[in-house]
Each structure stands twice: as C-alpha cells, then as structure tokens.
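Single-structure report; data block below.
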Protein chains: 4
Amino acid sequence: MAKVDRRIIRTRALLRDALMALILEKGYDAVTVQHITDRANLGRATFYLHYKDKEELLVKSLESVFDELVETLGPPAVANELSGSPVLAVFVHAQENSDLYRVLLSGEGSAKLYGRIQAYIANEVMNRLFPILPKERPFPDDLLANYLAGSLLSLTSWWLENDMPYSADQMTETYRQLTFLGLANFVGISPSNMVIQPKNE
Amino acid sequence: MAKVDRRIIRTRALLRDALMALILEKGYDAVTVQHITDRANLGRATFYLHYKDKEELLVKSLESVFDELVETLGPPAVANELSGSPVLAVFVHAQENSDLYRVLLSGEGSAKLYGRIQAYIANEVMNRLFPILPKERPFPDDLLANYLAGSLLSLTSWWLENDMPYSADQMTETYRQLTFLGLANFVGISPSNMVIQPKNE
Amino acid sequence: MAKVDRRIIRTRALLRDALMALILEKGYDAVTVQHITDRANLGRATFYLHYKDKEELLVKSLESVFDELVETLGPPAVANELSGSPVLAVFVHAQENSDLYRVLLSGEGSAKLYGRIQAYIANEVMNRLFPILPKERPFPDDLLANYLAGSLLSLTSWWLENDMPYSADQMTETYRQLTFLGLANFVGISPSNMVIQPKNE
Amino acid sequence: MAKVDRRIIRTRALLRDALMALILEKGYDAVTVQHITDRANLGRATFYLHYKDKEELLVKSLESVFDELVETLGPPAVANELSGSPVLAVFVHAQENSDLYRVLLSGEGSAKLYGRIQAYIANEVMNRLFPILPKERPFPDDLLANYLAGSLLSLTSWWLENDMPYSADQMTETYRQLTFLGLANFVGISPSNMVIQPKNE
DNA sequence: TCCTAAGCGAGACGGTACGTCTTGTCTTCCA
DNA sequence: TGGAAGACAAGACGTACCGTCTCGCTTAGGA
C-alpha cells in the first residue's frame, strides 16, 4: 500500500488554503502559481510536484469542499425521509462557505467551473429526486435535472450577491414554490404572449 | 463633426469577425491578440489602437449581436400584444447563432460573460414582463428576474448542448410550463422532504 | 536591403559588453542570462530576441574581437613582406585583450571555445605560412598547422598566466626559436630515450 | 583503522563507470547527476554521500586512469634508461583509451580538465626530462614544460581526431623531430617575417 | 488636386508567468 | 550504518503573451 508521506498532506493543504485565500482576495484569474507558493511558503517547483497547474489544484481542492456537502446529505436512498431537504443542505453549505461560493458562482470563477458545479448538482438531482417522482414525466430527465440545477444556482447566486437577506430555510421554501408550484400560483395569470400554439407537424 | 475614416470601420469589423471565428474554433481563453490580428491580417499594434484588450473587443462585439436580438423584440411597451413571445425570440436567436451561444453558455466562455448575459436578460425580464404582472408579488423583483433569466439560460444551454432536439416553439412552451405552472402540475406531488415549515421569527 | 534598426545595434552591443564584463568577473559558466540582461539594463526576454542562448552571444561577440585581430593582419598574400609577423600580432592582441584571453585560454572558458580558437588559428597558419614554405613537407599540413597553433596557444597561456614577464616581441622570438630551430639547438642533445627506431613495415 | 565497507568500494566503482560511459555517449556537460545514478542503479542522494558534485567524481575517476599511465613510466630517476620513451607511453596510453581521450581533449570535455591534464604532463616533463638536460637553459623551465606539454597534447588531439592514421611510434618520432630538431630542419628556411630584432631596452 | 493628419504594418522592448530541469539538502525508512 | 526513495527550496532555462513605444509608409478627406 502506498503510504503517503505526511509532508505531502501538509504541503497540499498549504497549497489549497493559499489558493482559496488568494481567489477570495483577487479572483481566480489573477492568481499565479508564484502567488500561491509564496503564500504557502513553498518553492514554486514544489507546486508542480503535486499539480499540473492552477486548474488542477482548484478542482482537487473543490472536491474536498463538496465532499463535505455530499457527506451531510447521506446516501440517496434514504435522503427523503431522514436527512431533511438536500436543497436546504445546499443553501446551508453555501451560507457556511459564502466567500467561496460568491467567487465560484459569479464574477471571477472560471466558466468551466460553473458548468462543472451545475453538472454536479444536476447529477445529484437525478440520483435523489427522480427516484421519488412518478415514473411518467413529460420532460426528458436531463432537461429537468439541468433546469432544476440551474434554477438553484441562480437563486443561490442572487442570495449571496445580495448578502443573504433571507434565511436558508426561506430560500429553500422560495425555491420549492417557484419550481414546484410555478409562478402562476402567485401571479395569477399566464401572460398572453406566453401562450403559444404547440407546433403542429 | 469628425467624420470617421472608413478604414476604422473596416478594421473593427475584421477584428470582430476574427475574434468570433477564433472563439468558435478554440474557445475564448485560448485566443490571443496575436491570433486575432493574424486572422484579420492586421498588425498587432493596430488592435490596441481600437481596444484595450481582448475582453473589450468581445463585449463590444457581442453588443452588436444582442442588439440584433433586441431589435426583433421591439419596444417593451407593446411587446405583449404585437411581437409574440420574447422568450421565443431568445430561443430563435440562440438557434440562429447556435455556434456562438454554445461557446458563450457552456464550456469555454468566460464566467464574467455568462453573468453579464444573465444580467442582461434579467433586465429585459424586468422591463417587459413585470409591467404586465399584478402589482402584488410575493418575491423581490430582482430575485424573480434572476430566477427567470437563470432558468431560461439553463434550458437554452441544455438545448444547444443536446443539439436542439426540440423546436424553438417547443422549448418556449416547456419554459412556460416549468416556470409558470410549476413541476407539481406535471409530477403531481411536492416531495415530502421539500415541505418545510416557514421560519417563524 | 535589410535596414537594421539602430536600437538593435545598441542592444546587441550592450549585451556583448555585459557578457564580457561578467565573464571576467565570475567566469563563463557562472554567468546567467539574467545577469547579462540586468547588467545591460534590458529585459530578459529581449535577450532571446537576439540570441538563442549564452553560447551564441559569446561566439558572435568573440567573432567581432577576432575580426579586429584579422584586420591588423591584412590579406594573406602580402603578409610576409609588409605587415610584420602575424605571430607578433597575436601576442600583441593577446596583450591588449589580456583579461579576455586569460579567461578564454585557461580556467573558465568552455572547452568548445578553446578548440574553436585553436582551429581558427590553425586555419590562419595554413593560409599564411604554408604558401611561403617549400612545397615538399614531411608532415601532413593539418598536423603541422595544429601543432603550430597548439604551441602558440600554450605559450600565450603561459605568458598571460605569469603576468606577461616578457614583451610580445620576446615571446614571438621565443616561439620562432622553439618551433623553427628546435630544442636541440639550445640544449645540445636529443636525449637518448627520445631516439627511437623508425617503425619498419 | 576504519575498515572501508566493501559496499562503498562497489558504489564508487559503479558511479565512476557510469560517468565514463555517459561522457563518451553525450559529453561531460550534458551528463547530470541523475543520469549517472540512474545508469549505476543507485539513488541520487547516494551520489552526494560520496562526492560533492560531478566535477569531483570526474577528477577522482581520472586519477585512477592516469595512475595507470604513471605506473607504466616507472620512477623518474631511471626512466631514460629502462622504460623507453615516456612520450611513447603517452601515445600508447591514449591509443588504448582513445574514446576517453577523444572526449577529454576535444569538444565536450570541460576546459578546466584540459588545463589540468596539461599541467599534469608539464609537471612530469619537469621531473623526467629536465634532469637529463644541460643545466643552462635559455628559457624558463615552466615555459618550456608548458610548451612541450601543449605541443604533445596538440599532436595527440590531432591524432585521435583523425582516427590515428599513424602508429604510436611514428607519432612519437614526429613529436621528437618537431620539438627537438625544429621546423627549420625540414622546411629549410625561417621565413623572413619571423626574423625579428631582439628588443633592446 | 494637393497635403496633411490619420490609420496602419512592422517589430523592438520591458514585463510577467509559464512549465521544466537540475542541483544540493534533508528526512524517513529498510536491510 | 550504507543505501533507496523522494520531498523540498532554489533558481536558471527558453517560450509565450501582454501592452507600450517608435518608425516609416500609405491614403483618405479637407484645403
């Protein structure tokens, strides 16, 4: 078994922490490898012993952050009974790591990253929500998963950028109302120019 | 009045076209100023006579693309009666410029860009939709606008990445159903773990 | 015709001078490109606009130094009558550039360089001396040329390393006596163990 | 007395052999410590347990090669009667180790090395030749020793680089003729521009 | 129609970051 | 204790872009 040198653990933690701190300070694009290693008190060459480039460090580092989130969710099978809403978990996690999320979701994070997070959430939606929905669904699963993930991230972005004016519970409820009940329930009408004829072909 | 040299028009058009072509070929980040000017048969220094950097050229260039879209929408005031759904217009525009949208929305576009587009759409939503909604709305306007814009972009992304398996009309209807009628209308239930108690404070 | 930017001339001169100064200070191997450009007040990248690496700068720079020497020799054809001894010219040139020669010939210069100089001199010997020697020569021309060049450099090395205890004239005469008259003329004997039987085959 | 671990002997031999093989393959400068230890199947750190750097290993290794040569010469005192020409011994040794000499003398060897070998030979010349020469000598001893050593190395270089077209005996004779009898004996003249007036001061 | 200010091509230059390579030191384990 | 393995700091390498800056050429549009 590959026994990992304890120094490696330490070095990687230093790099991860330095990267996170620097992203929050100046945005992902503006951070250089030199900055990271300076902050971590490591040689620049050492960086390359562990990661191919900035991107790889970021991805590996985020994995550990999101692994935390996934752990709080528990196994998909029993999620709906035991562990409360996974949506709530996302808002809570975002609240606890608000600095990080703020950077990732809007402004300075790389677009690749945003897409990756959305895909990640969409995947979780598929695993957790769909098993408890009726078999018959009028839309393709991945369309739906993508839509729900995108909506969730939009709300989260707005929430963080406006300094979290509501509680995580309230945001969860808002999300539920918007996605499950629909706007019509609240505004009373479907505006006329939204009513279009189904394409006849 | 300072009459603008025709060469300036020409040069800027060449730069814009070169940038667009190159983004489609290799993604925004991978494009360099040198690439752009090579493609446009211009000197690199010439680029800087017109734009501060790649970003500025991109933004200015996209403006012209989206101005096109806005023109098809017509003035907000009469939108709901005359010009059909603005949502449909977005899907149609995305279809007509699918290569461009694909790059912008997923993968290689800069995150800043994505945010800017979302904000742009959110703004249009505010201008066009809200005047025809009831005055009383249970959510903050910008939350709603952001949510609707995010949902629209999510659907558009999914659509383009899956090679547009539906018509623009169908996507518009899907969007309407999801956002206005809500998921509950289709799946019949609001899953139990989504029902949470409003925070009492 | 390629009109060379005057800045280029200036930049190359700065680089050459910086290299020479630094070689004298710390030896060729210890000089880095960064050192050179720092000394020359130029950006490091600028170096690479002009030379592939340190070696190329050195070679190109030495060419200009030795071109100077060759100019004082004049054309080979008339060398023996008009311009005095080319050997003397070498000693004089070495004296005038003693710092440089000291570095090149012993110690810190690269071996490649030493070989190149010897080859250069050997070539000049062929061009200048052989035309005025009798046609019949008992040794191959390049053996002889190499021998004479090597001897000359050996003497020059010794001379410089011992702080030039003789004049350039005296060194020239010494060289002439050793190579043309031979040791036997001065020590009277050919030591017994040097007398070997010609190989009969 | 500290009995030297047999493993140490073995390790050093491996390092020496690896270095020699690699120098022949790619030249001294291009060889790295990593290359050496890879070839020797040793850890890189092990190298530094035994030698300060590449240079030290080289010098120590060459000592053993040249110790061989010195052994064939026997003690200086009786050299002239018993052991044949030391010059011949050099040519023979060079022939037997021609690959090594080729690298050391021309092209890729370090200049420091070349100088060291020349100094080594000059020293032997002083010890072996001068005792059998007349007391009165018109040139400083070290000038002479250096000259003879330089000439010998020049000839050896030429010989090896031209694939040894003559026997070691013939080279020895050539050397004797050139250095002891002088060129004048063969070409008949001392060219006019070599005749210079002694400097009167 | 000329002339003059401008646009432009060409490319040198100072910078900054990159990812790679080598060196020499150190520490931890194994035989 | 000698050696293997390899983490690490240091720092040079050559490359790639960036944005700025001249320098001349050419050319459009006002005199």
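Every chain is numbered from 1, with letters handed out A, B, ... down the list of sequences.
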Before giving the answer on side-chain contact (heavy atoms from CB on, under 4.5 Å), spell out for A/Ile23 and A/Leu100 the whole-Å C-alpha distance, their side-chain angles and the decisive distance to 0.1 Å. CA-CA 8 Å; A/Ile23 286 180; A/Leu100 179 61; 5.7 Å; no

Would you mind reading off the distance between D/Glu56 atom CD and E/dG24 atom P, rounded to a whole angstrom? 11 Å

Do C/Leu15 and C/Leu19 come within less than 4.5 Å of each other through their side chains, counting heavy atoms only? no

In whole Å, what is the span from the CZ atom of C/Arg6 to the P atom of E/dG11? 17 Å

Between D/Asn41 and A/Gly43, which has a closest nucleotide on DNA chain F that is more 5'? D/Asn41

Atom NZ of D/Lys26 and atom C1' of E/dT22: how far apart are they, to the nearest Å? 13 Å

Given atom CG of B/Leu42 and atom P of F/dC25, what is their separation to the nearest angstrom? 20 Å

Can you check nucleotides 12-14 of chain F for protein contacts, nitrogen or oxygen pairs under 3.5 Å, and list what you find?
{"unit_1": "F/dC13", "atom_1": "OP1", "unit_2": "C/Val33", "atom_2": "N", "d": "3.3"}
{"unit_1": "F/dC13", "atom_1": "OP2", "unit_2": "C/Val33", "atom_2": "N", "d": "3.1"}
{"unit_1": "F/dG14", "atom_1": "OP2", "unit_2": "C/Tyr48", "atom_2": "OH", "d": "2.8"}
{"unit_1": "F/dG14", "atom_1": "N7", "unit_2": "C/Arg44", "atom_2": "NH1", "d": "3.0"}
{"unit_1": "F/dG14", "atom_1": "O6", "unit_2": "C/Arg44", "atom_2": "NH2", "d": "2.6"}

Residue pairs fulfilling salt bridge (Lys or Arg N to Asp or Glu O under 4.0 Å) with at least one residue in residues 58-68 of chain B, sequence neighbours excluded: B/Glu56-B/Lys60

Counting C-beta onward and ignoring hydrogens, is there a side-chain heavy-atom pair between C/Arg39 and C/Glu25 closer than 4.5 Å? yes

Is A/His50 near enough to F/dC8 that one of its side-chain N or O atoms lies under 4.0 angstrom from OP1 or OP2? yes

Please report the C-alpha distance between D/Lys52 and D/Phe47 in whole Å, then the side-chain angles of each, then the deciding distance to 0.1 Å, and finally whether the side-chain contact (heavy atoms from CB on, under 4.5 Å) criterion is met. CA-CA 8 Å; D/Lys52 202 169 68 43; D/Phe47 179 95; over 6 Å; no

Within residues 9-17 of chain C, which residues have any heavy atom lying less than 4.0 Å from an atom of DNA chain E? C/Thr11

Is the closest side-chain heavy-atom distance between D/Lys54 and D/Leu57 below 4.5 Å? no

Roughly, in whole Å, what's the span from CG in B/Asp38 to C1' in E/dG11? 13 Å

Without decimals, in angstroms, what is the distance between A/Tyr51 OH and E/dT20 P? 16 Å

Contact under 4.0 Å: A/Arg7 side-chain N or O vs F/dG6 OP1/OP2: no

Interatomic distance where CG belongs to C/Leu49 and P belongs to E/dG14 [whole Å]: 9 Å

Residue mapping more 5' on DNA chain E - nearest nucleotide basis, A/Ala30 or A/Ala45: A/Ala30

For D/Asn41 and D/Leu14: C-alpha separation, side-chain torsions, deciding distance, then whether side-chain contact (heavy atoms from CB on, under 4.5 Å) applies. CA-CA 8 Å; D/Asn41 274 317; D/Leu14 287 172; over 6 Å; no

Does a side-chain N or O of C/Thr46 approach OP1 or OP2 of E/dA12 to a distance below 4.0 Å, or not? no

Step-by-step side-chain contact (heavy atoms from CB on, under 4.5 Å) determination, D/Tyr51 to D/Leu58: CA-CA 10 Å; D/Tyr51 302 101; D/Leu58 178 65; over 6 Å; no

Using every non-hydrogen atom in the two residues, find where C/Ser98 and C/Leu160 come nearest and quote the distance to one decimal. CB-CD2, 3.8 Å

